[in-house]
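Everything numeric in this text was worked out from a predicted model, so none of it was measured.
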Amino acid sequence: MAKTNMIARDAKRKKLVDTYAAKRAELKKAGDSMGLQKLPKNSCKVRMRNRCKLTGRPRGYMRDFGISRVTFREMVLFGLIPGVTKSSF
């Protein structure tokens, strides 16, 4: 389980990205680099980190499912993901 402050920080970044997305796109289209610099750093989409939705683990993230490889394996073993089975028992 990731630290709760890291999960909260990433959620805050996501909120800022959503808030400033339209303004950032408008400034990029106009080529206004000074205007882009005045926006908050965390409003840039590149600063977000893919994290597991259940545990917050930042590494081993599987985009198709939105969870980490460890959580994915546990869920497959318990049959919680439909259509996915472990190849051998």
Side-chain angles (χ1 to χ4, degrees):
M1 185 78 180
K3 290 183 179 180
T4 54
N5 66 332
M6 297 302 284
I7 296 170
R9 187 182 299 169
D10 203 50
K12 182 180 172 184
R13 283 184 182 145
K14 180 162 177 39
K15 186 178 175 183
L16 276 173
V17 167
D18 293 340
T19 304
Y20 287 98
K23 187 170 187 176
R24 183 171 283 278
E26 182 181 314
L27 289 171
K28 275 189 176 183
K29 188 175 181 183
D32 185 9
S33 60
M34 293 303 289
L36 281 171
Q37 288 179 0
K38 291 179 182 176
L39 294 177
K41 282 184 182 179
N42 286 333
S43 68
C44 183
K45 188 177 180 182
V46 174
R47 292 177 66 96
M48 287 189 348
R49 178 88 167 142
N50 288 332
R51 289 187 175 269
C52 176
K53 302 285 186 242
L54 303 175
T55 61
R57 181 181 166 88
R59 298 188 179 215
Y61 180 78
M62 300 177 77
R63 286 181 189 223
D64 294 338
F65 299 96
I67 55 177
S68 69
R69 61 179 178 79
V70 178
T71 309
F72 177 77
R73 186 165 190 262
E74 289 173 358
M75 292 178 77
V76 168
L77 285 175
F78 291 118
L80 298 175
I81 300 177
V84 180
T85 56
K86 191 171 182 301
S87 62
S88 63
F89 278 106

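Side-chain heavy atoms closer than 4.5 Å link hydrophobic residues (I, L, V, M, F, W, Y) into clusters, and following such links, possibly through other members, connects Leu27 to Tyr20. Grouping the Ile, Leu, Val, Met, Phe, Trp and Tyr side chains by contacts below 4.5 angstrom, directly or via other members, places Leu36 with Leu16. No continuous path of ILVMFWY side-chain contacts below 4.5 Å connects Val70 to Tyr61, so the two sit in separate hydrophobic clusters. Cluster annotation: Met75 is not connected to Leu77 through the hydrophobic network of ILVMFWY side chains, with a link wherever side-chain heavy atoms come within less than 4.5 Å. Using a 4.5 Å cut-off between side-chain heavy atoms of Ile, Leu, Val, Met, Phe, Trp and Tyr, with links allowed through other members, Leu54 and Val84 fall into the same hydrophobic cluster.
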Apply side-chain contact (heavy atoms from CB on, under 4.5 Å) to Lys14 and Asp18, showing your working. CA-CA 6 Å; Lys14 180 162 177 39; Asp18 293 340; 3.8 Å; yes
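A distance of 10.0 Å separates CE in Met48 from CZ in Arg13, rounded to the nearest 0.5 Å. Here the CG atom belonging to Asp32 is positioned 11.5 Å from the CZ atom belonging to Arg24, to the nearest 0.5 angstrom. Expressed to the nearest 0.5 Å, how far NZ of Lys3 lies from CZ of Arg9 amounts to 9.0 Å.
Minimum interatomic distance between Asp10 and Arg49 (heavy atoms only, all atoms of both residues): OD2-O, 2.8 Å. Between Arg69 and Met62 the shortest heavy-atom distance is CA-SD, 4.0 Å. When all heavy atoms of Cys52 and Ser68 are compared, the closest pair comes out as SG-N, 3.4 Å. When all heavy atoms of Ile81 and Ile67 are compared, the closest pair comes out as CD1-CD1, 4.3 Å.
Counting heavy atoms from C-beta on, the side chains of Lys12 and Asn42 never come closer than 4.5 Å.
For the pair Ser43 (side chain) and Leu39 (backbone), a donor-acceptor distance under 3.5 Å is absent.
Defined by atom type and a distance below 3.5 Å, a donor-acceptor pair is missing between the side-chain atoms of Thr71 and Arg57.
With a 6.0 Å radius and a threshold of 12 heavy atoms from other residues, nucleotides or ligands, Arg47 has its CZ atom above the threshold.
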